[in-house]
Structure formats: structure tokens, C-alpha cells
Amino acid sequence: MPRYVIDEAALVRNLEILKSVSERAGVRILLAQKAFSCTAVYPLCAKYLAGTTASSLFEAKHGHDNFGGETHVFAPAFIPEEMDELFGLVDHIVFNSPRQVALYGEMARKRGVSVGLRVNPEVSVATTPAYDPCRPSSRLGTTRTVLDESGLFLAAKDAKSAKVDGLHFHCLCEQGLDELKKVLAGFEEKFGEFLPQMKWVNFGGGHHITREGYDVEGLVALLNDFKARHPHLVVYLEPGEAIALNAGTLESRVLEIQPKGADGIFNAILDTSAACHMPDVIEMPYTPPLVGAEKGAGGPYAYRFGGPTCLAGDEIGVYSFKHELHEGDFVVFGDMAIYTMVKNNTFNGVNLPDIVVRHVDGSEELVRKFGYDDFACRL
Ligand SMILES: *Cc1c(COP(=O)(O)O)cnc(C)c1O
């Protein structure tokens with residue numbers, strides 16, 4: 001049975017960096033649960049972060065019930081029947097459009113929930129369109145043109161009548177300080193005039209703060225500069241990836257090695273599937289790192305790893321080893337905490353990997369095991 005192993009020591013290294021940013025810059029950092037929702041380590045993460053953000057009722061409830069702290073939610077459009085329960089769970093709600101503010105803003109306020117609007121600064125910095133919320137005709141966020149046409153802020157010159165407490169932008173994906181600078185400049189140019197009326201600003205996610213080489217000092221300086229210019233604003237960041245980057249592995253077993261193909265590469269069938277257990281490998285697409293191997297067919301023993309499903313495209317990638325692999329060997333994929341467990345599925349009846357937490361003292365704890373019922377109960 002394959003297993004995800006969440007490495008608490010690696011998680012703590014990331015969380016220490018994030019906590020130091022939040023302390024030195026006076027900002028609040030939330031976990032975007034979309035990337036990583038491993039309930040077992042929420043109490044640990046909660047010691048370092050201000051709370052969670054969600055994109056649905058279920059995520060909001062998961063963060064509220066298991067993490068605590070502040071609970072925020074954003075969705076492109078909310079579901080009418082869920083609003084009552086949602087307002088009981090969240091501290092902030094971020095609407096995607098003036099229309100959604102008109103529909104639910106007053107209700108939120110009556111329930112004591114702070115109201116935000118996601119804006120679209122129209123600064124494209126993401127490297128692929130699928131991960132670029134500022135791509136042309138994007139459905140995510142309100143552009144300045146749409147905002148002006150809506151008249152939402154007409155009555156808001158006087159802060160007491162403002163219908164919105166905060167602005168939110170999210171334009172980055174696995175990016176550094178240079179891209180944030182571009183996006184922030186665009187945001188302030190287009191929406192800066194509304195900031196005096198606001199209580200908070202949320203800088204979204206996609207900040208790759210815990211990646212090696214990220215300019216953490218530059219980020220602290222940028223945030224302090226922003227806060228010096230807007231001292232009345234509470235500033236939020238809501239990274240997902242950065243929290244659990246390189247903080248987990250997916251361990252899998254070699255089931256069979258087929259004879260060498262025409263291209264000189266062995267097909268090796270694993271008990272883990274790209275389609276089921278690491279869907280971003282196919283969606284993004286990318287080749288995950290593998291411990292003790294090089295990517296590509298350059299080495300003496302090259303293997304094309306594929307899953308146990310019937311999908312021809314269920315391939316993880318080609319890797320080279322210095323030694324020969326055998327049936328029954330274990331292989332370990334790196335950086336498997338983020339965008340994996342949250343996206344798992346049981347396509348083709350493939351079981352879900354166990355979830356194991358490796359504690360700081362090295363001991364391992366099995367926190368979840370799955371079986372036939374987890375497959376059958378959804379069908
Ligand atoms: C995806 C997302 C995040 C987290 O993004 P990461 O790339 O995982 O840091 C934060 N906020 C919003 C609105 C998102 O859609």
C-alpha cells in the first residue's frame with residue numbers, strides 16, 4: 001500500500017520562516033487549505049499561523065473545527081442554501097463580484113462577518129494560463145472597469161457607509177518577490193484610492209516564501225513599506241504551497257518491471273497512480289522529484305514509472321538510477337504534501353494511500369487508512 005509521509009520537522013522549518021515574516025512585518029498569515037488540509041498536523045500549524053482560508057463551506061468548516069484562529073472564505077460565487085451555515089463559521093467573507101456583495105453583503109454584516117471584494121489588478125505574471133487568475137476574460141476578481149460600472153463604491157466615500165471592509169487580490173502561482181512587486185504596483189494603481197476606506201487588504205497566495213532562494217528579507221521590507229504607507233490596514237497573506245512545500249513524500253512499491261521498450265527504457269508499474277494520487281503531475285504537468293534518482297533517461301538504468309490504472313496517460317515520468325530496480329523495491333517521490341491528498345480520487349477503484357505523520361522525534365504515526373468503503377460510498 002502506498003503512503004504519504006508528512007514530515008513534521010520539514011513543516012516546522014517552513015512554519016518558522018512564515019512566523020518570522022508575520023512577526024517582523026506585522027502581517028497575518030493564513031493557510032490556504034486548497035493546497036494542504038492534513039487535519040492531523042493542524043494543531044502544529046495553528047501554533048505558527050493566524051488561521052485558515054477556504055473556498056467552500058466544507059473547507060471553511062474543516063478549518064474552523066480543526067485549526068481555529070481566523071476563518072476566511074472566498075468563492076467565485078456562493079451557494080444560497082449554504083450561506084446561513086457559512087456565516088456561522090467564518091470571520092471574513094470575500095466576494096468575487098459587486099453582484100455577490102449586493103446579494104449577501106448585508107447578511108454577512110448582520111452576522112458580524114467582515115466583507116471583502118476580490119479585485120483583479122489585471123497584471124499577468126503566472127507562467128501558465130491555467131494558473132493565471134489575471135488571464136484575459138478571467139472569471140476571478142473584479143476589474144476596475146466592472147467595479148466602476150457597478151457603482152459599488154459610490155456610496156463609500158464616507159467610510160461609515162462603505163459596503164466593503166477589505167480588498168483581496170490573488171495573482172501569483174509559485175512566485176517570488178519580483179512578481180509580487182509588479183502585482184502590488186498594479187493593485188495600488190488601480191484600487192489604491194479605495195484603501196483609506198478599507199480595514200484590511202489580503203495579498204492572496206502563490207507566494208513561494210519557503211522555497212530555497214526566496215527573498216524573505218525583501219518580502220519583509222516590502223510589507224513594512226506598504227504598512228508604513230497604509231498604517232490603518234491589517235494585511236493578510238494566504239499561501240498554501242509555501243506552508244507544506246517539500247514537507248511530505250509519497251512512498252510506493254514497484255509491482256512489475258517490463259522488458260526494455262524500443263526506446264531503451266523499462267516500463268515499471270507502481271502501486272501508486274499519477275491520475276489518482278498526484279493528479280497535478282498530469283494536470284500541470286510536471287515530473288516530481290524522486291529520491292536517489294535523476295529525472296530523464298540519462299543514467300545507466302532508465303525506467304518509465306506508471307500507475308496501476310488502465311489509463312494510457314497514467315505515467316509519472318522517466319527516471320534514471322545508477323543501479324537496477326527490482327520488483328518489490330520502494331521508491332520515494334518528493335514534495336508530495338501539497339496538492340495531493342486534497343485532490344486524491346479512487347479512479348479505477350485504486351485505493352487511497354495511507355497517511356502517516358513522521359513526528360519531529362522520528363517516530364511515525366499512521367493517521368489514516370482507507371478501504372473499499374471509501375471507494376464504494378461515493379458511487
Ligand atoms: C490557490 C489559492 C491560494 C493558495 O495558493 P498557493 O499557490 O497554494 O499558495 C490562496 N488564495 C486563493 C484565493 C487561491 O485561489
Side-chain angles (χ1 to χ4, degrees), residues 11 14-15 17-18 21-22 27-38 45 48-60 62-63 67 70-78 90-97 100 115-121 123-135 138-142 166-177 179-180 183-184 187 200-211 214 216 219 235-248 278-280 283-284 286 335-343:
L11 203 51
N14 291 344
L15 290 164
I17 293 169
L18 296 166
V21 169
S22 66
V27 300
R28 298 187 193 171
I29 301 184
L30 310 168
L31 162 68
Q33 296 180 91
K34 181 181 78 189
F36 180 70
S37 301
C38 185
C45 297
Y48 296 85
L49 302 173
T52 57
T53 187
S55 297
S56 60
L57 172 65
F58 290 173
E59 271 190 357
H62 188 247
F67 199 106
E70 291 185 40
T71 306
H72 294 214
V73 68
F74 159 81
F78 286 96
V90 301
D91 302 287
H92 282 211
I93 186 163
V94 176
F95 296 107
N96 193 47
S97 64
Q100 291 270 302
V115 172
L117 177 71
R118 175 167 175 175
V119 295
N120 177 352
V123 181
S124 270
V125 290
T127 48
T128 41
Y131 296 95
D132 181 11
C134 296
R135 67 197 203 164
S138 170
R139 75 188 193 291
L140 298 169
T142 299
L167 296 179
H168 175 292
F169 62 88
H170 169 75
C171 312
L172 304 178
C173 178
E174 301 188 331
Q175 278 160 325
L177 192 65
E179 289 86 4
L180 173 59
V183 167
L184 185 61
F187 166 73
W200 52 264
V201 170
N202 188 321
F203 282 33
H207 315 274
H208 233 188
I209 303 170
T210 52
R211 178 185 67 203
Y214 184 96
V216 178
L219 175 66
V235 174
Y236 291 93
L237 267 62
E238 48 176 33
E241 280 218 27
I243 283 143
L245 188 66
N246 293 315
M278 36 185 139
D280 270 0
E283 274 179 38
M284 239 182 144
Y286 81 108
D335 198 19
M336 281 290 151
I338 47 175
Y339 291 105
T340 50
M341 290 173 275
V342 289
K343 294 186 109 178

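Fair warning: this is a prediction, and the values are worked out from it, not measured in the lab. All ligand and atom numbering here is 1-based and tracks the order in the structure. Residue numbers start at 1 and run along the sequence shown.
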Taking only residues two or more places apart in sequence or in another chain, which ones pass side chain to side chain contact (heavy atoms under 4.5 Å, CB included) with Asn120? Glu122, Cys134, Ser138, Thr143

Short N or O separations between ligand 1 and the protein, below 3.5 Å:
residue: ligand 1; atom: 8 (O); partner: Gly240; partner atom: N; Å: 3.4
residue: ligand 1; atom: 8 (O); partner: Glu241; partner atom: N; Å: 2.9
residue: ligand 1; atom: 8 (O); partner: Tyr339; partner atom: OH; Å: 2.7
residue: ligand 1; atom: 9 (O); partner: Gly206; partner atom: N; Å: 2.8
residue: ligand 1; atom: 9 (O); partner: Gly240; partner atom: N; Å: 2.8
residue: ligand 1; atom: 11 (N); partner: Glu238; partner atom: OE2; Å: 2.7
residue: ligand 1; atom: 15 (O); partner: Lys34; partner atom: NZ; Å: 2.8

For Glu179, all residues meeting salt bridge (charged side-chain N to carboxylate O under 4.0 Å, His left out), sequence neighbours excluded: none

Qualifying side-chain hydrogen bond (donor to acceptor under 3.5 Å, both in side chains) pairs, either residue in residues 237-248, two or more places apart: Thr53-Glu238, His168-Glu238, Asn202-Glu238, His208-Glu241

Quick check with a 6.0 Å cut-off and a 45 degree axis cone: is Arg118 positioned over the face of Phe74's six-membered ring? yes

Any Val73 side-chain heavy atom under 4.5 Å of Val94 side chain: no

Would you say Ser124's side chain and Asp132's backbone share a donor-acceptor pair under 3.5 angstrom? no

